[in-house]
Protein chains: 2
Amino acid sequence: MSNKVAILIIDDEVQMRKLLQITLESNDYIFTEAATAKDGMIMAVNHPPDLILLDLGLPDEDGHTVLKKLREWFTNPIIIVSVQSSEEDIVKALDNGANDYLVKPFRTGELLARIRSALRGIFTEENNPVIINGDLQIDLSARTVKKNEELLKLTSTEYSLLALFAKNEGKVLTHQYLLREVWGPGYINQSQYLRVFIAQLRKKIETDANRPAFIVTESGVGYRFAAKE
Amino acid sequence: MSNKVAILIIDDEVQMRKLLQITLESNDYIFTEAATAKDGMIMAVNHPPDLILLDLGLPDEDGHTVLKKLREWFTNPIIIVSVQSSEEDIVKALDNGANDYLVKPFRTGELLARIRSALRGIFTEENNPVIINGDLQIDLSARTVKKNEELLKLTSTEYSLLALFAKNEGKVLTHQYLLREVWGPGYINQSQYLRVFIAQLRKKIETDANRPAFIVTESGVGYRFAAKE
DNA sequence: CTGTTTTATATAAAGATTTTATAAAGATTT
DNA sequence: AAATCTTTATAAAATCTTTATATAAAACAG
C-alpha cells in the first residue's frame, strides 16, 4: 500500500548501481536494479516501475534495442544514463522513446531534478492516495472524506482521527497512542476527549451509529478501524 | 488552420535566433521570436505556441522568473536553452516546470530530438487553459474570470488566489500554503489577509456570498474550491 | 452460573474558546 | 484621484472542553 515512486535501474556497473541506490533511497524512491538487459526486461514486466533509468552499454544486448523493446509496452518515463555522448546516440535514443538522456558522469542533483521533471504529469490525478473502505473514501491529498460518494463535513480533529485510523486499518490503536498522535503528548490522560470525538465521528461515518462497523471499540484498550469488503 | 507545430524562441542574441530560425524552419516548424522577456510573454499569450525555447539570460527580467510566470498558465513544453551550466540553474529550472534544459552551445540535432521528445504526447492530453466550474470560467492565459459569461473585475491578488484554487479543485488548501503561494513565504502568519481577500472574492464570484458554494471554509485548516456539475 | 458491584464507554448538552466573516478606516501604490 | 493593500475592530459561527448522566462491559462474590 506504499505510495512511493518505484524506479528500476538497468546498468551493469556495480558502483553506478550503488551510487544510484544511495541517491534514490535517500530521496524516498523505491529502488530496484538489474545488471543485464534480460534481467531488466523481466523485472520491468513483473513489477512495472514508475520510471526506468537505462544504461545503453549493457553486456548482453544493445541499449537502443532494449529501449525499443521496452517502449513496445512500457509507457512510463525512461531516462537514458550513458557514457556515450555522441549526438548520434542521443538523437537515436530520444527518437526511440526515451524521455531524457543524461551523459555519465552526471551530477546527482541534476539527475534527481530530471527524474522529478519526467514524473511530473504522470502522477497528477491517478496517484493520489485514496483509502477506500466499504462506502467510505478518504482522500489524503485532498483532505476530504466521502460516504456513498457524498462529501462529509468533518472538523479538523475529526479528520485527523479518522485519517490515523485509516492509515492503520485493522490495528488496535490504544487510547494513549490516539491521544498522543492527534492531540499531543500532553493529552494522553484525556480519555474523555477521545470518547466524545469517537461518538461524533461515528455519527458521521457509520451507517448505524449504534452498531459501529468502522470504528470498533476494544474495551479497556482502544479502538480499531475494521476493514470492510 | 495549419497543422504545423509552432515554436516560440525567447532569446536576446540575434545570432542564436537566426540559427534557430534556419534549423526549425528547415524542419517544418513555424518559427516566432522575441528578444525580451516582456515581448516573449506577450507573444505567448496572444498566440500560444506548441513549445517555447527560453533563454535564461534575458536583458529585462530573470529567466527563472519568466519561466515561473509562464508556468502559471502555459501547459505546453518549455525547453530552456542557456549558457548557464551550473547544477543550481538546471535544477531550479526543471523544478520550476521546464521540460528540458540544454546548455549552449548545443548540437542542433540533439535540440531537434529533444524538441520531438518534448512534443510527444502533447496532442494526446488535453491542456485547455480555461477552467470551467459551474457558471464560472477562469481563463489562465488571459487572466480573466467570467461569471455567467460576464467579465468580473478582480484585482491581481484576488485573481492569483482564485487561479490557485481553480488549479487545485476539490483539494483543501491550508492557510499556510495559500499565503506562501500568493503572498510569499514571509506572509505565512498573516491569516487575516486571507480572510479579507476570501471575503472579497466571495462577494464577486459567489451567487450567494452568505452560502459560499465555490470557496468552502475548512475551519482550522484552510479553504477548498468545490467542484460543481 | 447468577446477580451485584465496579469500571469503562457513549452521548447530549452547556459553557468556553478559537476561528472566521465583514465592514471600515488608514496607508500605500499606481 | 482612484484603486488596491493593510490594519483594526467587532460580530458571528464553528469548534473544543467540560459536565452530567445513561448505558454497556468486566470483575467478583456467593
Side-chain angles (χ1 to χ4, degrees), chain A residues 143 145 151-163 165 172-184 186-226, chain B residues 143 145 151-163 165 172-184 186-226:
Chain A
R143 218 192 149 92
V145 180
L151 209 65
L152 296 184
K153 189 158 169 35
L154 300 187
T155 72
S156 132
T157 311
E158 287 164 3
Y159 175 83
S160 305
L161 193 55
L162 179 58
F165 274 120
V172 177
L173 304 180
T174 63
H175 301 142
Q176 277 212 354
Y177 175 80
L178 290 165
L179 287 162
R180 181 156 31 82
E181 291 295 315
V182 176
W183 282 270
Y187 291 72
I188 50 170
N189 294 315
Q190 303 287 326
S191 317
Q192 183 55 18
Y193 275 29
L194 205 45
R195 300 209 185 93
V196 171
F197 278 84
I198 292 282
Q200 273 169 3
L201 244 187
R202 280 178 175 155
K203 238 191 295 186
K204 294 184 181 180
I205 67 168
E206 299 284 359
T207 310
D208 179 1
N210 292 111
R211 292 155 158 241
F214 287 116
I215 300 177
V216 182
T217 305
E218 299 284 346
S219 193
V221 187
Y223 298 90
R224 181 169 49 84
F225 193 63
Chain B
R143 275 181 88 90
V145 180
L151 208 63
L152 296 184
K153 188 156 167 35
L154 299 187
T155 72
S156 129
T157 311
E158 286 164 3
Y159 173 82
S160 304
L161 193 54
L162 180 58
F165 274 119
V172 176
L173 304 181
T174 64
H175 302 137
Q176 277 212 355
Y177 176 81
L178 290 165
L179 287 162
R180 181 157 30 82
E181 292 294 316
V182 176
W183 282 271
Y187 291 73
I188 50 170
N189 294 315
Q190 303 287 327
S191 317
Q192 185 54 18
Y193 274 30
L194 206 45
R195 300 209 185 92
V196 172
F197 278 83
I198 291 282
Q200 274 169 1
L201 244 187
R202 279 178 175 156
K203 241 189 293 187
K204 295 183 181 179
I205 67 168
E206 299 284 0
T207 310
D208 178 1
N210 291 111
R211 291 153 154 250
F214 286 116
I215 301 178
V216 181
T217 304
E218 299 282 345
S219 193
V221 186
Y223 297 89
R224 181 170 48 82
F225 194 62

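The chains referred to below are lettered A, B, ... by the order of the sequence lines, with proteins before strands, and numbering in each begins at 1. Please read all numbers here as calculations on a predicted model, not as lab measurements.
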Inset, instruction - Measure from CG on A:Leu201 to C1' on C:dT9 and round the result to the nearest Å. - result: 16 Å
Inset, instruction - Please identify each residue that fulfils side chain to side chain donor-acceptor pair (under 3.5 Å) with B:Thr207, with sequence neighbours left out. - result: B:Lys147
Inset, instruction - Report the distance from atom CG of B:Leu162 to atom CZ of B:Phe214, rounding to the nearest 0.5 Å. - result: 9.0 Å
Inset, instruction - Would you indicate, yes or no, if D:dT7 has its OP1 or OP2 atom less than 4.0 angstrom from a side-chain nitrogen or oxygen of B:Gln190? - result: yes
Inset, instruction - Scan nucleotides 18-24 of chain C nucleotide by nucleotide, 5' to 3', and note B when protein non-hydrogen atoms come under 4.0 Å of the base, S if they reach only the sugar-phosphate, - if neither. - result: -SBBBS-
Inset, instruction - Rounded to the nearest angstrom, tell me the gap between atom CZ in A:Arg211 and atom P in D:dT23. - result: 17 Å
Legend entry - Any residue meeting side-chain contact (heavy atoms from CB on, under 4.5 Å) with B:Arg195, in chain and number order, not counting sequence neighbours: B:Ser191, B:Gln192, B:Tyr223
Legend entry - Qualifying residues under salt bridge (Lys or Arg N to Asp or Glu O under 4.0 Å), relative to A:Glu218, sequence neighbours excluded: A:Arg224
Legend entry - Separation between CG of A:Leu194 and CG of A:Leu201, rounded to the nearest 0.5 Å: 10.0 Å
Legend entry - OP1 or OP2 of D:dT4 under 4.0 Å from side-chain N/O of B:Lys153: yes
Inset, instruction - Could I get the full list of side chain to side chain donor-acceptor pair (under 3.5 Å) partners for A:Arg143, not counting sequence neighbours? - result: none
Inset, instruction - Considering just the side-chain nitrogens and oxygens of A:Trp183, establish if one lies under 4.0 Å of OP1 or OP2 belonging to D:dC16. - result: no
Inset, instruction - Could you pick out which residue, A:Tyr187 or B:Leu154, lies toward the 5' side of DNA chain D when each is mapped onto its nearest nucleotide? - result: B:Leu154
Legend entry - Nearest-nucleotide comparison on DNA chain D, the residue closer to the 5′ end among B:Tyr193 and A:Glu158: B:Tyr193
Legend entry - Between P of D:dA3 and NZ of B:Lys204, the distance in whole Å: 11 Å
Inset, instruction - Mind checking side chain to side chain donor-acceptor pair (under 3.5 Å) for A:Thr155 and listing every partner two or more places apart, or none if nothing turns up? - result: none
Which protein N or O atoms sit under 3.5 Å from an N or O of nucleotides 28-30 of chain C?
none

Legend entry - All stems with DNA chain C, defined as three or more consecutive Watson-Crick or G-U pairs under 3.5 Å: C:1-30 with D:1-30
Inset, instruction - Nearest whole angstrom, please: distance from the C1' of C:dA10 to the CG of A:Leu194. - result: 12 Å
Legend entry - With A:Arg202 via salt bridge (Lys or Arg N to Asp or Glu O under 4.0 Å) - residues at least two apart: none
Inset, instruction - Could you list the residues that satisfy side chain to side chain donor-acceptor pair (under 3.5 Å) with B:Gln190, not counting sequence neighbours? - result: none
Inset, instruction - Indicate whether OP1 or OP2 belonging to D:dT15 is found under 4.0 Å from a side-chain N or O atom of A:Ser156. - result: no
Legend entry - Residues which pass ring-ring contact (aromatic ring centres under 6.0 Å, His included) with A:Tyr159, listed by chain and number, not counting sequence neighbours: none
Legend entry - Interatomic distance where CG belongs to A:Asn189 and C1' belongs to C:dA8 [whole Å]: 15 Å
Inset, instruction - Just jot down the salt bridge (Lys or Arg N to Asp or Glu O under 4.0 Å) partners of A:Lys153, sequence neighbours excluded, or say none. - result: none
